[in-house]
Number of protein chains: 2
Amino acid sequence: MARSDRPVAAVDIGGTKIIAAVFDGNGAMLSRIYCLTLAHEGPARVIKRLNQTIDRAIEKAGLQRSRVAGIGVAAAAIIDINRGLVTEAPNLPRWRNVPLPALISGEFNLPVYLLNDASAAALGEHRYGAGRGLNNLIYITVSTGIGGGIIIDGELYNGTDGCAAEIGHMVIMVDGPACNCGRRGCLESLASGTAIGRMAKERLAYGETSIMRALAGNVIEDVTSVTVARAARKGDMLALDVIRTAAGYLGIGLANLVNILNPQMIIIGGGVSSMGAMLLGPARKAIKAHAFKLPASTVRIVRPALGMDAGLSGAAEYARRKGRIAA
Amino acid sequence: MARSDRPVAAVDIGGTKIIAAVFDGNGAMLSRIYCLTLAHEGPARVIKRLNQTIDRAIEKAGLQRSRVAGIGVAAAAIIDINRGLVTEAPNLPRWRNVPLPALISGEFNLPVYLLNDASAAALGEHRYGAGRGLNNLIYITVSTGIGGGIIIDGELYNGTDGCAAEIGHMVIMVDGPACNCGRRGCLESLASGTAIGRMAKERLAYGETSIMRALAGNVIEDVTSVTVARAARKGDMLALDVIRTAAGYLGIGLANLVNILNPQMIIIGGGVSSMGAMLLGPARKAIKAHAFKLPASTVRIVRPALGMDAGLSGAAEYARRKGRIAA
């Protein structure tokens, strides 16, 4: 049996949780285990917990480690694919040049393939989800931060070092709001969940009327993008306006990508994207307003088909493809 | 003899001039003819002149038309590669959905391959110039406007419709200055030759002291990016500051590309790039400041090796490759 037909494990590590899974050779999920990242404990403890989670997923799938062909690792991080390093990770404190693949493969004696989490989701959606059969697509995840993945010619585009598709850190407003990356005016600082929460808080502090104040128990500091979404669904004018503003910025970022990459599809995932039409409507309008006619009329803006498991599916697919090349 | 080894013709059509050339199978230039575009005369007359220019280049190369394998056409325009159309072209008035390849091949009875002029330059620099042997690179031309071309996996990246790499129309300043494309805050509106001229004029009109006033015969309206460059070379503080400002914006645009595409190289061509270190120094600094460490340390920022003929060379190379696929 070819190595690529054997089961593969996948793990998705983010700032909040770690999810591990095992997939068979056809991409069907055999098991799924999750635990909290507890990122504040630092890399060593997190990696120990990550290895335990993979181990439990393999066990739950009823497999011996030796039956697994490889492990795909999707991390919310800036990856150096050539040296096998997590170079930096805004949501994983103290991760600096961590040789994550070596620290996992040392435990399992299996080949480990590291990639960015949004790139993994792009690959998952392309192989099994909304983008099946397409040539070019962009996946963007809008949640606490904004990440991205790019498919070109039906393959994941990693760039030279493996850190391409940092869409959230495209500057669209010179000298704009401070971003988590330490710079200013990035798309993430204007259209992420964090940005939506910040804009709402600023306007509430300024005295604007809104049910968000009550929803947050009159503690403005507790308002988040979830509060904004809840208020907007109840028709709150301020909440709706904040979302419209963020969606407009999102649309400008997407229009830039449309002008630069002329893709067939942009898939908008991540927690904030569950706002649906409230967010996607104004974003689509902004794309029409800011991109050239031809590429703006070509691109389809859609929601993901795989939901939260796109990253896991993609990490497994990545391990399968890389294993095939290595075999 | 394979079709691809035969000579190919190439033509580069911009808002100011038309240049046609013939290249042998190894990429050596056999002839070169140029004439003015006289774009205000409209598409029909310009295309007639373009066909005459190609004809004269073939004749000057001492060839029969039937000996030429095909014609590569580089146009300063938004191309629809699938339908063979120039859809729009900011510097070619009244060009709307012009079937340029059909109008040329109807005259010569040869296959015609249309691409964007900056994409052609990217291909030329990759095949024969500064980017030889690289996997990923971005070419950016900074002149009256800002255009781009992207090489991925050693091949020209056209996108879905053939209009990818419109780098100049990436918004980096929401609600920024008006751009030729009709929108606001595009990189082109902040870092092109036109933008440099405009910023200088605004500051002169505001009363700032500079030798630019004298260089332009005391007519502020006559100040262009060429005036700014001349004054800067003489140490004029205002001119130097305007260039530094534009270069900073250019660097932010390039940093966005570095974060999105993680390329091995960015080649900066076009008339404005002849300012050299005055422009590239601050641009390099801005890339370091605005891109992630890893991709910023990878990318090499260089000048083109082929100068003004990169587009012609690339258009010929494109015709050669496309001809090979068709053969």
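Only heavy atoms go into these numbers, but all of them, side chains included; no hydrogens, no water, no symmetry mates. Proteins come first, then strands; the chains are lettered A, B, ... in the order of their sequence lines, and each starts at number 1. The shown structure was predicted, so the numbers you read here are calculated from the model rather than taken from an experiment.
With chain B as partner, the option from A:Gly176, A:Ala291, A:Ala255, A:Gly253 having the largest number of non-hydrogen pairs under 4.5 angstrom is A:Ala291. Interface summary for chain A: among B:Asn135, B:Leu257, B:Asn136, B:Ile252, the most heavy-atom pairs under 4.5 angstrom belong to B:Asn136. For the set B:Thr87, B:Val174, B:Val258, the entry with the most heavy-atom pairs within less than 4.5 Å of chain A is B:Val174.
Taking 4.5 Å as the limit, some side-chain heavy atom of A:Met170 sits within range of a side-chain heavy atom of B:Ile260. Side-chain contact between B:Phe292 and A:Cys181: present, with at least one pair of heavy atoms (C-beta onward) separated by less than 4.5 Å.
Using a 4.5 Å cut-off between heavy atoms, B:Pro295 touches chain A through backbone and side chain atoms alike. Neither the backbone nor the side chain of A:Leu134 has a heavy atom closer than 4.5 Å to any heavy atom of chain B. Residue B:Ile78 touches chain A through its side chain alone, counting heavy-atom pairs closer than 4.5 Å. Neither the backbone nor the side chain of B:Leu137 comes within contact range of chain A, judged by heavy atoms closer than 4.5 Å. Contacts of B:Asp80 with chain A are made by both backbone and side-chain atoms, with heavy-atom separations under 4.5 Å. Neither the backbone nor the side chain of B:Leu187 comes within less than 4.5 Å of any heavy atom in chain A. Heavy atoms of B:Leu261 lying under 4.5 Å from chain A belong to its backbone as well as its side chain. Residue B:Ala289 touches chain A through its backbone alone, counting heavy-atom pairs closer than 4.5 Å.
Looking at B:Asn256, its side chain does come within 3.5 Å of a backbone N or O of A:Val171 through a donor-acceptor pair.
The side chain to side chain donor-acceptor pair (under 3.5 Å) pairs that include a residue from residues 180-197 of chain B are B:His169-B:Glu188, where partners are two or more places apart or lie in different chains. Judged as a salt bridge (charged side-chain N to carboxylate O under 4.0 Å, His left out), not a single pair has a partner in residues 166-175 of chain B (not counting sequence neighbours). Within the structure, salt bridge (charged side-chain N to carboxylate O under 4.0 Å, His left out) pairs that include any residue of residues 281-297 of chain B do not occur (at least two apart or interchain).
At a heavy-atom cut-off of under 4.5 Å, chain A is reached by B:Ile150, B:Ile152, B:Tyr157, B:Asn158, B:Gly159, B:Thr160, B:Asp161, B:Gly162 from residues 146-162 of chain B, listed in order of number.
Within a 6.0 Å radius of CZ in B:Arg94, more than 12 heavy atoms belonging to other residues, nucleotides or ligands are found.
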